[in-house]
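This structure is a prediction, so every number in the text was calculated from the model and none was measured. Remember, it's 1-based here, ligands and their atoms both numbered in the order they're listed. Below, each value reflects all heavy atoms present in this structure, side chains not excepted, and no hydrogens, waters or symmetry copies.
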Amino acid sequence: MGIFLYSKQRKQRVESCIGCWLFRYLCMFHQKEKMEDGLGLDYLGPNSTLYSSGSLLSLLDGTPPFVTPSKTGSRSELVMFPHKEKMEDGLGLDCLGLSSGLYSTGSLLSLFGGTPPFVTPSKTGSRSGTLSLSFKYSLSLSHRHCKTYRYEKELPGVDIFVCTADPAIEPPIMVINTVLSVMAYDYPPEKLSVYLSDDGCSDLTFYALLEASRFSKQWLPFCKKFQIEPRSPAAYFSTISKPLDPIEAMEWASIKKLYKEMKNQIEYATSQGRISEEIRREHRGFFEWDSGTTRHDHKTILQILIDGRDPKAVDIEGQPLPTLVYLAREKRPQYHHNYKAGAMNALIRVSSKISNGHIILNVDCDMYSNNSQSVRDALCFFMDEEKGHEIAYVQYPQNFEKVTKNDIYSSSLRVIFEVGIHMQALSRILPLLFKSPFLFVVKKNILIEFIILLECLVMKVELHGFDGNGGPCYVGTGCFHKRETLCGRKYNKEYKGELKREKDWKVEERPSELVETSKIFANCTYEENTQWGKEVSLSLSLSLSLSYFLTNFMYVDMQMGLMYGCLVEDIITGLAIQCRGWKSIYFNPDRKSFLGLAPTTLLQTLVQHKRWSEGDFEIFLSKYCPFTYGYGRITPGLQIAYCIFFLWAPNCLATIYYVVVPPLCLLKGIPLFPRISSPWFLPFAYVIIAKYGYSLGEFIWCGGTLQGWWNDQRMWMFKRTTSYLFGFIDIILRQLGFSKSTFVVTAKVVDDDVSQRYEQEIMEFGTSSPMFTILATLAFLNLFSLVGVVKRVAMGVEISVLEPLALQIIHCGLLVIINLPVYQGIIFRKDKGCMPPSLAVKTVILALLACSLPYCV
Ligand SMILES: O=c1ccn([C@@H]2O[C@H](COP(=O)(O)OP(=O)(O)O[C@H]3O[C@H](CO)[C@@H](O)[C@H](O)[C@H]3O)[C@@H](O)[C@H]2O)c(=O)[nH]1
Ligand SMILES: [Mn+2]
């Protein structure tokens, strides 16, 4: 065991716990190869990859043959060509409106004034050499337009589910901003339905949604008329200042005023904690809340606030509005509500009666849409005539707004989601490079090869790595699903998926009848003796023969909706879908599609990670372990990829060892590592430098700062010694039948002074928590150990005596430096975010006790 096992590494891979560097590199190369031969990543994220390289290379001279990486021949044959053909004949990406997505990804298009021949890779490029640009453009334009028209009509219905759980920690004004942003998608409104699931069953949230339904009549036409982005009013008004155009400016001012009024009213009601009688009388929906209604005990409340079928449901310009529905599913103390998974399943059923959209988008209430094209972009994958039928879901990354520069809590999950901002930088530098004498030395295409290789390397960060092996996991928000795959359908080669099918969805019932008949689907008893949320455990052979028997039948895998009993319902559901043979897509365009709120206090972050690591590890120990359940169903690469997350929790053991044992041994003078003069020191030094160099390089490539990386290292250590430890213990206790898991909803509001400290990147403690007790005790333990060494030196102990302990001293010193914010929080700070004094006393005593341990044995 070496110090290199000391787990401060950022990617939390399996090997950090078991020392399997080899394993890691096998895993990496596997992913890399996938990307290079193009079977994986590029297909699954064609635009992010191809067009980013496209935009870069176009700057050189726009020669498209270089756009496709050379090794992707096989990929191109397999996948890109269908896309390409579609782009050329206008059936695919462009006609669905992805072209605008391409503009926003900074693609070639923007450089050539939208001239399509340059959008597509190699074959088109050579053609464009033979045909004149304008001739081809005018040809494709006419061709394209009629196909666009045809596709527009074929667009499927899309149901959007927004989940909220508690008006106190998820303020209604934030929730409706998310709702408004998704209502304003650039998509035919008659095919769009937005559902808000309120697990808090709060009339405050209902009131906010009612206000939003009124405001949408002005907001939606405004968004569409001026093509604004983002379409969450709060985000729009906080980022975009008054437009210069006088007409737009006037409308801007009036709609801003309207928004402010609405916001004030909602916030006033929220601060009062109740709805006034006057407002109550405005809508009969409020009468559903009677004196007996409590959050955990109430009947189903379902209200269709905008009925898309109603010809009178139009905005101020007479254009139809999307359907808008409020749902608080029934809750009874004797029935487990299964948290978000339960809410989603109720939504799936209720929506199947009301609008039955073929595609379902799921967003958390704190994640607004930042890109009005996202629906059309996602549909390009589903509607692809060659490969679309294989795809179960399209996952966008989770991006966060208001993350501070150095991301003190490391909440942006940069390496997990990021594609590599370096592309933008490179695209600026390269043209200069090519103009330089450097060109004479290195041949242009060799350099291009090199860049592409570099790109492959950098893009190989976690979700992109998944993408190379069959598709990303489902991460709970910003994900488009095919309804039927979410309802348990198994992939079947013969089935080509009929997106048009539900276009004919007609509901004849009157609105009040429709509400009554749909309500039943959200009742507690509805799921009794059904497959919702569960999977019937059949013996393997039986299930195999059944599957065989039912191949042409509909739902084979005996499980419907999101799965219950797991804290990360999203991950396990995605895994189950992939195991049913489906592919998924990771799509990460330059213009972020969704922006959410990251936790802004240390405790929130640690609690969130406890839930994640606990849920993930639980899957690993369950029958859904990717290595056993996934065997033969998903690729080995994907099995390994899942385990990057699933083994977060047990990682705590290695870290705790390295934070506790070396300082204790140092106190007693027991050397644990080789001397600096010994040749055995070299492998240690190599691994430490290589590991941290790699991690730092990766972080910077992904757009982070040096300080950000250091913060990230600290957060990994904190998470591993607290969140993962608690998650690990909870799982063990649960296996033994001692405890039950609970979903602790992350708070989305903090006091002003807390958010001020967050902006100043000052670490927030403020309360007593067992997690802080551990952090502070470990920090003091290392400090005391280091002080012990300094004392020995001061007392005249020769340096040579300490030489065998050199690595341990450095290790301890680094831990002290990384823990500086903890000491500050205990000793130097006096603000409200400091550590409570009682905690300080307790942890110092604990650390002293620990320090005395080596002397007792
Ligand atoms: O009983 C519940 C609990 C939560 N939620 C909603 O679930 C979402 C996620 O909750 P949050 O506290 O924000 O958790 P996060 O850790 O930020 O969420 C991530 O991780 C979760 C799994 O742990 C996924 O469900 C989420 O989609 C994913 O964004 C929120 O919209 C909640 O309103 C419910 O609807 N009902
Ligand atoms: Mn969240």
**Student:** For ligand 1, indicate whether the residue Lys340 contacts it via side chain, backbone, both or neither (heavy-atom separation under 4.0 Å).
**Tutor:** both
**Student:** Under 4.0 Å, heavy atoms only, figure out whether ligand 1 is touched by the backbone of Asp364, its side chain, both or neither.
**Tutor:**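 Within the 4.0 Å criterion, Asp364 contacts ligand 1 through backbone and side-chain atoms alike.
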**Student:** Considering just N/O/S atoms, say which atom of Asp366 is closest to the Mn ion (ligand 2).
**Tutor:**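 Closest to the Mn ion (ligand 2) among those atoms: OD2.
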**Student:** Do Lys331 and Asp297 meet the salt-bridge criterion of a basic N to acidic O distance under 4.0 Å?
**Tutor:**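 Salt bridge absent between Asp297 and Lys331.
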**Student:** Between Lys592 and Glu229, is there a salt bridge with N-O shorter than 4.0 Å?
**Tutor:** no
**Student:** Would you mind running through ligand 1 and noting each atom that sits below 4.0 Å from a heavy atom of Thr164?
**Tutor:** 33 (O), 35 (O)
**Student:** With respect to Ser197, determine whether any N or O atom, backbone or side chain, lies less than 3.5 Å from an N or O atom of ligand 1.
**Tutor:**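 Looking only at distances, the answer is no, because the N/O contact criterion of under 3.5 Å is not met.
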**Student:** Is the shortest side-chain N to carboxylate O distance from Lys405 to Glu761 below 4.0 Å?
**Tutor:**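 Salt bridge flag = no for Glu761 with Lys405.
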**Student:** Heavy-atom distances under 4.0 Å decide this one: backbone, side chain, both or neither, for Val475 against ligand 1?
**Tutor:**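 For Val475, the contact with ligand 1 is made by the backbone alone.
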**Student:** Hey, what's the ring geometry for Phe206 with Tyr326, parallel, tilted or perpendicular (30° and 60° as the breaks)?
**Tutor:** perpendicular
**Student:** Looking at every heavy atom in both Gln395 and Thr477, which two are closest together, and how far apart are they?
**Tutor:**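 Smallest heavy-atom distance, with atoms named: NE2-O, 2.8 Å.
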**Student:** Would you check the N or O atoms of Val745, main chain and side chain alike, for any that come under 3.5 Å of an N or O of ligand 1?
**Tutor:**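 By distance alone, the answer is no.
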**Student:** Consider every N or O of Cys163 and every N or O of ligand 1, then say whether any pair is closer than 3.5 Å.
**Tutor:**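 N/O-N/O distance below 3.5 Å exists for this pair.
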**Student:** Which heavy atom of the protein is the closest neighbour of atom 20 (O) of ligand 1, given with residue, atom name and distance?
**Tutor:** Trp612 NE1, 3.1 Å
**Student:** Please report whether the ring centroid of His481 lies less than 6.0 Å from that of Tyr474.
**Tutor:** yes
**Student:** Which of parallel (below 30°), tilted (30 to 60°) and perpendicular (above 60°) describes Phe161 and Tyr195?
**Tutor:**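 Rings of Phe161 and Tyr195: perpendicular, as their planes differ by over 60°.
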**Student:** Counting heavy atoms only, which part of Ile571 comes closer than 4.0 Å to ligand 1: side chain, backbone, both or neither?
**Tutor:** neither
**Student:** Check for me whether Arg611 meets the cation-pi criterion with Phe743, that is, NZ or CZ under 6.0 Å from the six-membered ring centre and within 45 degrees of the ring axis.
**Tutor:**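 Yes, cation above the ring, under 6.0 Å and within 45°.
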**Student:** How are the rings of Tyr339 and His336 set to each other: parallel, tilted or perpendicular (split at 30° and 60°)?
**Tutor:** perpendicular
**Student:** Any atoms of ligand 1 less than 4.0 Å from a non-hydrogen atom of Cys365? List them with their elements.
**Tutor:**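 Those atoms are 31 (O).
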**Student:** Measure the distance from atom 12 (O) of ligand 1 to every protein heavy atom, then report the residue, atom name and distance (to 0.1 Å) of the closest one.
**Tutor:** Thr746 N, 2.6 Å
**Student:** Check each atom of ligand 1 against the heavy atoms of Val568 and keep those under 4.0 Å away; list them by number with element.
**Tutor:** 23 (O)
**Student:** What residue and atom, counting heavy atoms only, is the protein's closest point to atom 4 (C) of ligand 1, and at what distance?
**Tutor:**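 Ranking protein heavy atoms by distance from atom 4 (C) of ligand 1, first comes Phe743 CE2, 3.7 Å.
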**Student:** Considering the heavy atoms of Leu567, write down every atom of ligand 1 situated less than 4.0 Å from one of them.
**Tutor:**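 Contacts of ligand 1 toward Leu567, numbered from 1: 22 (C), 23 (O).
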**Student:** In the protein, which heavy atom is nearest to atom 11 (P) of ligand 1, and how far is it?
**Tutor:** Lys748 NZ, 3.5 Å
**Student:** Run the numbers for me: atoms of ligand 1, each under 4.0 Å from some heavy atom of Gln398, listed by number.
**Tutor:**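 In order of numbering, the contacting atoms are 28 (C), 29 (O).
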**Student:** Classify the angle between the aromatic ring planes of Tyr207 and Phe286 as parallel (below 30°), tilted (30 to 60°) or perpendicular (above 60°).
**Tutor:**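 Plane angle between 30° and 60°, so tilted.
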**Student:** Measure from the side-chain N and O atoms of Lys482 to the backbone N and O of Ile391, and report whether any donor-acceptor pair falls under 3.5 Å.
**Tutor:** yes
**Student:** With a 6.0 Å cut-off (strictly less than), is the heavy-atom count around CG of Asp752, excluding the residue itself, greater than 12?
**Tutor:**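 It does not: Asp752 CG has 12 such atoms or fewer within range.
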**Student:** Would you call Met367 a ligand 1 contact, heavy-atom distance under 4.0 Å?
**Tutor:** no
**Student:** Can an N or O of Ala343 be found at a distance shorter than 3.5 Å from an N or O of ligand 1?
**Tutor:** no
**Student:** Could you identify the single nearest non-hydrogen protein atom to atom 32 (C) of ligand 1 and state the distance to 0.1 Å?
**Tutor:** Glu170 OE2, 3.4 Å
**Student:** I'd like to check whether Ala165 has a polar contact with ligand 1, where a contact means an N/O of the residue lying under 3.5 Å from an N/O of the ligand.
**Tutor:**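 It does: an N or O of Ala165 is found under 3.5 Å from an N or O of ligand 1.
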**Student:** Quick test of your reading of the model: are Arg295 and Asp166 salt-bridged, counting only N-O distances below 4.0 Å?
**Tutor:** yes
**Student:** In terms of relative ring orientation, are Phe521 and Tyr526 parallel, tilted or perpendicular, with 30° and 60° separating the classes?
**Tutor:** perpendicular
**Student:** Can you list the atoms of ligand 1 that are under 4.0 Å from a heavy atom of Asp199?
**Tutor:**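 Within the 4.0 Å cut-off of Asp199, ligand 1 contributes 1 (O), 2 (C), 34 (C), 35 (O), 36 (N).
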**Student:** Taking distance alone, with N or O pairs closer than 3.5 Å, would you say His337 contacts ligand 1?
**Tutor:**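 For ligand 1, there is no N or O atom that lies under 3.5 Å from one belonging to His337.
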**Student:** Should Glu569 be counted as touching ligand 1, given the test is an N or O pair under 3.5 Å?
**Tutor:** yes
**Student:** Select the closest option to atom 14 (O) of ligand 1 among Met344, Gln608, Arg611, judged by heavy-atom distance.
**Tutor:**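 Considering heavy atoms of Met344, Gln608, Arg611, the nearest to atom 14 (O) of ligand 1 sits in Arg611.
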**Student:** Would you kindly specify which portion of Tyr339 sits under 4.0 Å from ligand 1, judged on non-hydrogen atoms: side chain, backbone, both or neither?
**Tutor:** both
**Student:** Kindly say whether Leu562 contributes a backbone atom to a donor-acceptor pair with the side chain of Thr573 at under 3.5 angstrom?
**Tutor:** no
**Student:** Mark up the atoms of ligand 1 that fall under 4.0 Å of a heavy atom belonging to Thr477, in ascending order.
**Tutor:**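 Once the distances to Thr477 are compared, the set is 27 (O), 29 (O).
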**Student:** Could you tell me, atom by atom, which parts of ligand 1 come under 4.0 Å of a heavy atom of Gly476?
**Tutor:** 27 (O)
**Student:** Please verify the inter-ring angle class for Phe594 with Tyr396; under 30° counts as parallel, over 60° as perpendicular, anything in between as tilted.
**Tutor:** perpendicular
